[in-house]
Structures are given as structure tokens and as C-alpha cells.
Amino acid sequence: MRSNVLGQAAEFRRRPARRVRPPVDSHLAQVFMRDLRTPAPPQLPIFRSRRQGELLARLLLGPERELTTLDLAVMLRTDLGTVVREVERLSRAGILRLRRTPAGRLVSRDASSLMFAPLARLVMLAFGPSVVVTEHFARLPGVAELHLFGAWAAHYADEAYPAGGPEPTGDVEVLVVGDATREAAFDAAQDCAARLGLPVHAVVRSRAAWREDDDPFLREIRSGPTLRIPLP
């Protein structure tokens, strides 16, 4: 009897371990936890992630617009599930509007929210045109100075932006001072436009032209609001 029991125990040890199938939603849980572990952006660590900040920049800055969650995923170069989760969180917080249609979910900002104006101001400072322009233009060879001019320079100077006032324009105007080529500046402007979802126009002028101030176009720029962007 004793030898029979020992034999059964030995046979049990030789059997391969039975694999336990993970729950159906385990993959979703892993994706969710990976998203939670995304580090906070150094620009403004109060945001959950850089992706959330750039999503808000798309929707809170510039002209009001309505985008599908798929459009946002393509623009932000991330997966649709991540965008849907972010949008649903922000919608529950009353920051975004979420509208379901037969074509899919449409997302827009909720300008009536008390949080809209102060949050848009923070997003502009942390993820807006000046930050994106710095990242893409400062690395170009020959750049001596960078300036925003026009409407977006005025927005940065207006501490009340975007509360009240006219609808903000979407065009981002950049002045590049130095020896950078126009082709390189054009490519950097395209990269910025893809990040911001806003039209970006770049003008290149030499240091001598900017210093001498005998260019009528540069005089026009100087006569309006400008914002010098510090180079790293």
C-alpha cells in the first residue's frame, strides 16, 4: 500500500504542470497598468503623461475643433485604446466633450467649463507652440535666434488667454534669425504643424538683416507682439 502511494506521488511529479489560461481581460489590464506607469512629462509633471498634455494641446489650443478618437490616435502616434481612455477620463472631469455618432466618437473641448481657461493657459505654456518650436527649430544648424510673432506671440503676452477675447487664430508664425536654410526651416515647420495640429509658417532672415532693421517686413514684425524663444 505504502509503495503504491509513493508511486502515485512520483508519477504526479513527472506530469507537466498544467498551464492556467489568463483571464480574457488580462491583456487589457496589462495595457492599462503600462499606461499608468508612463512617467510624468518634465515640462509640467502635474499631467499624467506627455501624451495627455499633447492631446489637450490639440483640443484646447487654437480654433475650436471636433476630432474623432481615431484622428487623435493617428496625430499622437499612439494606439486607439490609450486615446479612448484619456478622452473618457477628461470627459468625466468636464474638460472635454464626448459625442457618440454612427461614424464614431467625436471629441471637442468644453469651453463652458470653469477649468477650460486656466487649463488651456497651462497647456499652452507646457506643450504649446513655443515648446514645440524650440524642440524642432533650435537644433537646426546656423540658428542664432528664434522668435514667435503675430497672434501666438500676443497670446503668450496676454495673461488672461484664452478667457474672453476673439477666437484664437491657428497660425503659428516663426522668425528664424541666422544662417539656417529655408528648406530646413520649412521641414521644421512641417514637423511642428504635425505635432500641434496647427499651420506653422517660418521666415528666415540673416543676423545682419535683423540687426540693421532696414527690411520693411521685419519692421512690421517688430511693430507687433513678438516672443523671443530661449535657445537651449
Query raised in the report: With a cut-off of 6.0 Å (strictly less than), are more than 12 heavy atoms of other residues, nucleotides or ligands near CZ of Arg77?
Result: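 No - once you tally the heavy atoms of other residues, nucleotides and ligands closer than 6.0 Å, there are 12 at most.
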Can you check whether [X] reaches [Y] side chain to side chain, under 4.5 Å on heavy atoms?
X	Y	answer
Leu67	Leu59	yes
Val203	Leu218	no
Pro199	His201	yes
Pro162	Met124	no
Leu60	Phe127	no

If two hydrophobic side chains count as joined below 4.5 Å and joins carry through other members, does [X] share a cluster with [Y]?
X	Y	result
Ile221	Val204	no
Leu196	Leu227	yes
Phe149	Val200	no
Leu231	Val133	yes
Val84	Met75	no

Query raised in the report: Are Val87 and Leu98 close enough, and set up right, to give a side-chain contact (heavy atoms from CB on, under 4.5 Å), and what steps lead you there?
Result: CA-CA 8 Å; Val87 164; Leu98 185 58; 3.7 Å; yes
Requested in this report: Could you tell me whether Glu88 and Arg85 have a side-chain N and a carboxylate O separated by less than 4.0 Å?
Outcome: no
Requested in this report: State whether Arg99 and Glu66 are salt-bridged, where the test is any N-O pair (Lys NZ or Arg NE/NH1/NH2 against Asp/Glu carboxylate O) under 4.0 Å.
Outcome: yes
Exercise answer: donor-acceptor pairs, residues 172-190 side-chain atoms, under 3.5 Å, sequence neighbours excluded:
unit_1, atom_1, unit_2, atom_2, d
Asp179, OD2, Arg207, NH2, 2.8
Thr181, OG1, Ala184, N, 3.1

Roughly how far apart are [X] [atom1] and [Y] [atom2], rounded to 0.5 Å?
X	Y	atom1	atom2	result
Leu72	Thr82	CG	OG1	12.5 Å
Leu96	Leu106	CG	CG	12.5 Å
Ile95	Leu56	CD1	CG	6.5 Å
Phe137	Ile229	CZ	CD1	9.0 Å
Thr78	Arg51	OG1	CZ	3.5 Å

Query raised in the report: Can you pull the ring-ring contact (aromatic ring centres under 6.0 Å, His included) pairs that have at least one residue in residues 206-232, sequence neighbours excluded?
Result: His147-Trp210
Query - Full working for side-chain contact (heavy atoms from CB on, under 4.5 Å) between Leu90 and Val107 - result: CA-CA 10 Å; Leu90 295 167; Val107 191; over 6 Å; no
Requested in this report: Could you give me the CA-CA distance, side-chain angles and deciding distance for Ser112 and Arg97, then say whether side-chain contact (heavy atoms from CB on, under 4.5 Å) is met?
Outcome: CA-CA 10 Å; Ser112 66; Arg97 285 196 182 103; 3.7 Å; yes
Report task. Write down the atom of Pro129, the atom of Leu148, and the distance for their closest heavy-atom approach. Result -> CB-CD1, 4.4 Å
Report task. Could you pull out the closest heavy-atom pair between Arg109 and Glu64, with the gap in Å? Result -> NH2-N, 3.2 Å
Query raised in the report: Which residue pairs pass the salt bridge (charged side-chain N to carboxylate O under 4.0 Å, His left out) test when at least one of the two sits in residues 192-205, sequence neighbours left out?
Result: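 The answer is Glu54-Arg195, Glu135-Arg195, Arg205-Asp215.
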Requested in this report: Among residues two or more places apart or on two chains, list those pairs meeting salt bridge (charged side-chain N to carboxylate O under 4.0 Å, His left out) that have a residue in residues 136-155.
Outcome: Glu145-Arg228
Would you mind writing out the side-chain donor-acceptor pairs for residues 113-122 within the sub-3.5 Å range, not counting sequence neighbours?
unit_1, atom_1, unit_2, atom_2, d
Ser113, OG, Gly94, O, 3.3
Ser113, OG, Met115, N, 3.1
Arg121, NH1, His155, O, 3.1
Arg121, NH1, Asp158, O, 2.7
Arg121, NH2, Tyr156, O, 3.2

Query - side-chain contact (heavy atoms from CB on, under 4.5 Å) involving Pro232 - partner list, sequence neighbours excluded - result: Thr134, Ala138
